[in-house]
Amino acid sequence: LDKGGGCGDLATPGGWGCRCVRGVPAGSVLHVAGRSYAPPGSGGVQDRIYLVIKGDDVAVDTENFKNALSPSEASGRTALRHTMETLGATGRMNFKAVVDESLSQPEDIDVSVSVDGCSLKPRFFPFDLNQLTGAVRYTHHQVFLTGMTARHGASLLSMKQGQVALRPGGGFQGRFN
């Protein structure tokens, strides 16, 4: 990150928070705010993190972006990286993401993202889809799509909603409206 900065808080024992964190990686701008918290029934152990990340003009087809989705130390997130690679995301986008994640169980992650501007060429539907907008939610090996629009040449494609269940070992099942 170039030209970064921010504020952090060490709150309760074992807890943390950050606000107004700003970074400028490779021509993009990222804003991050978040905190750790103890889920109900955890006996006060702050095992979860909640982050809000806003990105402007972020390149999505880079190793840095893919590693942010699925760091090598988070083997439980390989399905998330595989999903992005299957969708064939390229270009740059603006987005707002909300992440709620367990630190001890990496597969226990809930990510909601509003996207604007990148392109897709899914392996299962090999057409260039440009100027993608809409909302995507990934949780428990399922992807939920809402209000998606994209351009293919002069055509505008839209989908009110969709659901994709990712199967262990590869493959998926999708339903789209």
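When the ring pair (Phe, Tyr, Trp, His ring centres under 6.0 Å) test is applied to Phe176, no partner is found at least two apart in sequence or on another chain. For His152, the ring pair (Phe, Tyr, Trp, His ring centres under 6.0 Å) partners are Phe127, not counting sequence neighbours.
A distance of 10.0 Å separates CE in Met159 from OG1 in Thr149, rounded to the nearest 0.5 Å. The distance from atom SG of Cys118 to atom CD of Gln131, rounded to the nearest 0.5 Å, is 11.0 Å. For the atom pair CD of Glu85 and CG of Leu87, the computed distance is 10.5 Å after rounding to the nearest 0.5 Å. Here the CZ atom belonging to Arg151 is positioned 12.5 Å from the OG atom belonging to Ser119, to the nearest 0.5 angstrom. For the atom pair NZ of Lys160 and CG of Leu145, the computed distance is 15.0 Å after rounding to the nearest 0.5 Å. With rounding to the nearest 0.5 angstrom, the CG atom of Asn130 is 10.5 Å from the NZ atom of Lys121.
The closest side-chain heavy-atom distance from Asp47 to Ser42 is not below 4.5 Å. With contacts defined as side-chain heavy-atom distances shorter than 4.5 Å, the pair Asp108/His140 qualifies. You'll find the side chain of Val29 stays beyond 4.5 Å of the side chain of Asp57, heavy atoms only. In this structure the side chain of Asp100 reaches within 4.5 angstrom of the side chain of Tyr37, judged on heavy atoms. Between Val99 and Ile49, every side-chain heavy-atom pair lies at or beyond the 4.5 Å cut-off. Side-chain atoms of Leu120 and Phe125, non-hydrogen and from C-beta on, never get closer than 4.5 Å to each other. You'll find the side chain of Arg35 stays beyond 4.5 Å of the side chain of Gln46, heavy atoms only. Residues Leu30 and Phe95 form a side-chain contact, since some pair of their non-hydrogen atoms from C-beta on lies under 4.5 Å apart.
A cation-pi contact, defined as under 6.0 Å to the ring centre and within 45° of the axis, is absent between Arg48 and Tyr50.
A continuous path of ILVMFWY side-chain contacts below 4.5 Å connects Leu103 to Val32, so both sit in one hydrophobic cluster. Residue Met148 is not grouped with residue Val98 when hydrophobic side chains (ILVMFWY) are merged at heavy-atom distances under 4.5 angstrom, including chains of intermediate members. Both Leu157 and Leu132 are members of a single hydrophobic cluster when ILVMFWY side chains are connected at heavy-atom separations under 4.5 Å.
Contact detail for Asp61 and Ala89: the closest heavy-atom pair is CB-O, 3.6 Å. Closest non-hydrogen pair, Arg92 versus Ala59, comes out as NH1-CB, 3.4 Å. The nearest pair of heavy atoms linking Arg123 to Pro126 is O-CD, 4.1 Å.
A distance-only check finds a donor-acceptor pair linking the side chain of Ser36 to the backbone of Trp16 [under 3.5 Å].
Remark: of the listed residues Arg137, Gln142, Arg175, Gln142 is the sole one forming a side chain to side chain donor-acceptor pair (under 3.5 Å) with Gln163.
Looking at Asp116 and Thr133, their side chains never bring a donor and an acceptor atom within 3.5 Å of each other.
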Evaluate side chain to side chain contact (heavy atoms under 4.5 Å, CB included) for Phe144 paired with Thr139, printing each intermediate quantity in order.
-> CA-CA 8 Å; Phe144 300 91; Thr139 185; 4.0 Å; yes
